[in-house]
Each structure stands twice: as C-alpha cells, then as structure tokens.
Amino acid sequence: MENRAIARLLGETADLLEISGGDPFRIRSYRRAAEAVENSAEPLSSLARDPKRLQQIPGIGKGMAANIEEIEARGSTPLRDELLARYHPALLELLKLPGMGPKTVALLWESLQVGSVEQLEAAIEAGKLRTLPRFGDKLVEKLRRGVADYRKNSGRFLLDAAEEAAEQLSRYLLQFGGITRVTPAGSLRRGRETVGDLDILATGPACAEDTVRDAVAHTAAYPPIADLIAKGQNKVSFHLRSGLQVDVRLLPEASYGAALQYFTGSKTHNIALRQRALKLGYSLSEYALSRLEDGSVAASGGEEEIYAALGLDWIPPELREGSGEIEAAAARSLPALIEQADLRGDVHMHTRATDGRNTIAEMAEAAIARGYEYIAITDHSKNLAMTNGLDDRRALEQIRRIRECDAEMEGRIRILAGIEVDILGDGGLDLSNEVLAQMDVVIASVHSLFQQPREEMTARILKAIENPFVTILGHPTGRLLLRREAYALDLVAILKRAAALRVAVEHNASPERLDLRDVDLRLASEMGCGIVVNTDAHHTSHLDKMRYGIRQLRRAGLRKQDVLNTRPLPEFLAGLRRGS
DNA sequence: GCCGTTTTCGGCCCGACTGTTTTCAGTCG
C-alpha cells in the first residue's frame, strides 16, 4: 500500500478515536504516526516486514509498527474495525465543516443519529438542532453556511492563486498608516503546492496594543471580503469571493519573529519546537520565547534569534514539516537548498511552431532577461495533433531554425534544439531516431500511454527510455509515476533507468493535477536519476513560474548540485547521459 | 500510543475566539 494511503487510514483512526472520546494523547500519537508515514521518503510497504526499521521512524513505536504491518497485510487494524462498527465513516466528512469538532459530531450522532452532511442538512431544516445544549441561533446558522460552503468548494487553492491574493491584500493593508510590514506565513510561506487558507501577518506602529483596534477595522473593511468569519482583538478571518479563507493577525513589532515562526508552522514542526524549548527551560508562544523560571523574554523579534536560542540553525520554511529538520538544525547539517539564482537554464518551452505563443527569438530574449545562459526549445511531436505537433520533416525544419537563431544570438545565450516527444502505446516514439539524434534535449512524455492497459505501462515506459536519444522523462510521466499505485508503475525500476526526471511547473494545472510529491523527488535523486526543473512555458511570461518549481525542489531538500540545469551547459548535457 | 539528561512510569504545546454562558466548553490554528 502506498504511504499516503496508510497515512490516511491512521489519520482516520485518530478522527474516529476523537469522536469516541478516546485518550487525547493516544489520538495525538496516531496523528503523529500518520504524518511521519506521509513524510517518509521510503515506501513503507518495503519496510513493513521488518518492524525494527519501521520503529526507527520517529513517532512510530512498537504498537504503531504492528498497526502498520496489519494495514499492509489486510488493510485495517482491530481498533479501526471496532470504531467503524460503532460510527459511520460519513461522520468523518462532518469534521470538515467549520465549527464542527469531534465533540459536536459525537453529540449529533448520539442524540439525533445525524451521521452525514446530508443528514445534518435535514436536521437543520427540521429545526432539530435547537433542542440540543449549546446550539443557539448563531451556531446553527454557522453550520448551515458551512454545509453550503462545503458543497460549493472543498478544495485547496494553487500556490500562485494564493500568492496573488496575498499580494493584493498586502497592498491594501499597507495603505493604512502605521502598518509597515505584511508577510504571508502558513503553507504559502512553506511553499506548499496548494494552500488551504491564507495566513497573513501584519506589523507596524499601528499594531501596538492601544492602536490595533483601528488597524483591525481597516482589515475587516477590505472590499473583496465575501463574509467575515471572526474579528477579534488582533485577528481577522474572512472568506474572499473566490472562496479562499484568509486569516490576518496584526501584531506589535517586538513579537514579530515569534509570530512569524508560529504562524508559518507546520503544526508538527511547531509542536516539536515547543517540546525542545521546554526541555531547554523555555516556553515558546506566538509572542515570544520566554524563560520558564521567571517568564522573561529570551527572544521574540526575529526567527533567527529564536532558533539560535534553541541551539538550532535557522530552518528554511520549506523544510518545516516535522520530518527531521529540527534534529538536522541541531546537528548543523541542514542542506544548503537550491536557490532560484542557481539556475542557468530552462529547458522545456514551446513556440509558435506548435502551441506556444511566442517565437524562438522572443523566448530567448525573455530568458536572457531572466539571467539564463541556455534554453531548450522543445515543441510537441506529431502525436499531439491538436497542438499542431511536429512530424519528422517539420522537426528537422525546426532544428534548422533553432540553430539559425542560436547563431544570431552571438553567444548572449545558447539555444538548444529539443523536442517533447510522445511515448506511443507500444513504447515506441513518434519521431524517427534519425531526427531525434540531431536533438540536444529529448523529453519523452506519456500523453497517449494513458489509453493503454495499466499493468503494461512500466514495461512500455522502460522500453521508451531505453532509446539512447531520450534524455529526460517528462510530463505527464512525472505525475504518472507519483500515482504509481493507481497506474501499477514500478517507480524504482523506471528511476533506475531514466537519465533525468523532469520537474515541471504546471502553469495551467488544477490543484488535483499539481501533486508532485517531495518524497519522490528525493527518491529519484537517491536512485541516481538526474533532476531537471523547467517551466513548460507556452508564453514568455510563463518563464517566471520557475519560482514554484524551485519551491518544490527546496521542499524535497534538494541542493544546487542535485539539479542538472544549475550546471554550465557542457556539464548539463553530460548529466543527461546516464552513468556519466 | 510514544518516549526517555524526568528512562519503563507518567508525562505528553499553547493561546485566542465564539457562543452560550456568568465561568466555560469546544473549535481552531
């Protein structure tokens, strides 16, 4: 079973346990285990036979290792079976409604036999909720709205949409005299591919205790607000019209570092950090790191000083997922993560020859403006007819135009000739080897393989990448690989053979499609498969999306040397040949 | 259920907001 599926079962058990009123600490240990499993770089299915190795994962002890083994063996645990016999699985959906926690779910179930979103809706309409203790008009109304919102959108937002919303809100907040700094925190700062809600931190003289009231009022008056969820002393929560939930905190300068640390999360990271603080005689809150003995402040203004006071190197937000980063920071062994400035080239982009918007020269100029030393023009091959894909003849013509344009650049940038070739149903390619041999970069993608029997896909991908001219395994293969369970792909076999795996930035992806997982990038790197990050730009402006790809690599803990297109051109090209 | 410079028992992160209450429970991040 895939790690993610195991994690889901453990998390589900935690939810059910919570509804049943179980021991909070036992619940927490299931949650911790779920996160540990999800973040594990190694597939647990390979570890499950060896309890000793399972137990080396922090948060997994003897009992949890046994649970995981049983999940691997038969898909559930005795505790989970018992809980599911008592509670309907649809109860778990109820937990997703705002204002609905385990206690309320249990109450609704036990007193009204309400066990699903549908039944809750019916109970609200029938006025049954008002008979329960603690259920006033406001709570019932909140649940009614919650059900409506749940039906409307239960998804997360793409990083770039969240970033855009954050920038707009920042501009508005900064108009208010005395708000001097606005910083996005939460999963946006951690660079998650999708963002569930937006955490925004604001500070400045206006956020001091005696004046914050006006700043809060200004925040709550933000025009795009669809509905206000909460307004407190220094916190405002609301939904934007897009449905994105935003939490704004207005805090005095003195506690900005502690607040930024706190609101950046992740939750797991923060819990681990607080435990460490306690051991060292401190207490950490969103206001300060303070000494337990007398409550005096040890650090609060900046993140660096807080981490330093706890004996840690500053931890980049992308690594704050509670997966060993604190231990690494204590041992001074955090990786020096790749930076955008390390990149020397973007090697996947389209032009007007197929479905791009710009010419070769325009793409090259845009790349020069972004400081690149080389690019590759990689239009589609003929199998993607709807994009006007290139056949052998047009591909040769395109190579000639690229070479010509490259010469005209007079060394300002190198333009490589490339192609995004399709892996056909039988594992063959839709351009001839004679043409592929003249390309500098051949990205093999799997558009048409989706139609094929799933159990044969591994063999077909392997056959395709055996072609000596194929240099990068590309889109949407990456996503396919990640859903290896669903598509029955042998990820390890493929990564062992592939020269390089492309990490693409999907400029037009939906949240469901954008699910490249950090662990797979690490795994690919460990298997000796090169990593290439590129944008798949169809327009010059798409080149700016590279920053999202960089965030993904950073979250996977990758360094400059792990990524091929940080290298000078000759070494980049050499890196595309497996084993060299 | 996990974990150990508090080490095999007895701990386990912290604070704010809301609604329905008059001292607090539940939810949330």
Side-chain angles (χ1 to χ4, degrees), chain A residues 10 13-14 17-19 21-36 54-68 77-80 94-108 129-130 132-143 146 185-187 190 195-201 212 216 228-238 245-251 255 258-259 261-290 292 310-311 322 326:
Chain A
L10 293 175
T13 308
L17 214 42
E18 201 164 14
I19 291 171
D23 173 16
F25 300 110
R26 194 180 180 203
I27 294 164
R28 181 185 301 170
S29 69
Y30 272 90
R31 291 250 151 77
R32 264 200 82 194
E35 297 201 37
L54 271 183
Q55 285 177 54
Q56 280 168 5
I57 300 174
I60 300 199
K62 212 173 151 194
M64 206 55 79
N67 281 333
I68 292 171
T77 65
L79 176 64
R80 180 168 173 275
L94 282 176
L95 280 178
K96 292 180 183 164
L97 299 177
M100 267 287 205
K103 294 287 193 319
T104 314
V105 169
L107 178 69
L108 287 174
L129 260 51
R130 293 301 316 274
L132 298 174
R134 279 201 350 264
F135 277 80
D137 286 337
K138 284 196 169 177
L139 191 53
V140 173
E141 186 49 35
K142 183 176 184 175
L143 291 177
S187 47
R190 298 203 310 281
V195 171
D197 52 25
L198 205 54
D199 286 296
I200 303 284
L201 223 52
V212 70
V216 165
L228 205 57
I229 301 166
K231 189 173 97 169
Q233 220 165 26
N234 58 15
K235 171 188 165 173
V236 184
S237 296
F238 50 84
Q245 180 174 331
V246 184
D247 298 317
V248 182
R249 331 257 167 168
L250 303 108
L251 293 149
S255 54
Q261 193 291 312
Y262 177 84
F263 291 114
T264 297
S266 67
K267 201 179 169 79
T268 321
H269 174 84
N270 284 358
I271 288 173
L273 204 60
R274 282 166 185 220
Q275 278 166 343
R276 182 181 179 88
L278 278 179
K279 273 186 208 145
L280 297 173
Y282 298 103
S283 169
L284 180 61
S285 76
E286 59 260 55
Y287 296 110
L289 179 73
S290 43
L292 282 176
L310 296 173
I326 291 177

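Keep in mind the model is a prediction, meaning the values are calculated, not measured.
- For the pair A:Arg31 CZ and B:dG29 P, the computed distance is 13 Å after rounding to whole Å.
- Rounded to an integer number of Å, the gap from CG of A:Leu132 to P of B:dT21 is 12 Å.
- As rounded to whole Å, 13 Å separates atom C1' of B:dG26 from atom CG of A:Leu95.
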### Summary
Whether each nucleotide of nucleotides 8-17 of chain B has a protein heavy atom under 4.0 Å at its base (B), only at its sugar-phosphate (S) or at neither (-) is summarised, 5' to 3', as ----BBBSSS

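- Between the C1' atoms of B:dC2 and B:dC13, the separation comes to 16 Å (whole Å).
- Here the CD1 atom belonging to A:Ile271 is positioned 10.5 Å from the CZ atom belonging to A:Arg31, to the nearest 0.5 angstrom.
- For A:Arg134, there are no side chain to side chain donor-acceptor pair (under 3.5 Å) partners, not counting sequence neighbours.
- Taking atom CG on A:Leu198 and atom C1' on B:dG29, their separation rounds to 14 Å, with Å as the unit.
- Atom CD1 of A:Ile19 and atom P of B:dT27 are 10 Å apart (whole Å).
- Taking atom P in both B:dT20 and B:dC14, one finds a spacing of 30 Å when rounded to whole Å.
- If you take NE2 of A:His269 and C1' of B:dG29, they are 15 Å apart, rounded to a whole angstrom.
- Atom name P, nucleotides B:dT21 and B:dT27: the rounded distance is 16 Å, in whole Å.
- Taking atom C1' in both B:dA16 and B:dG10, one finds a spacing of 29 Å when rounded to whole Å.
- Taking atom CD on A:Glu18 and atom C1' on B:dT27, their separation rounds to 10 Å, with Å as the unit.
- Under the side chain to side chain donor-acceptor pair (under 3.5 Å) criterion, A:Asn67 pairs with A:Tyr30, sequence neighbours left out.
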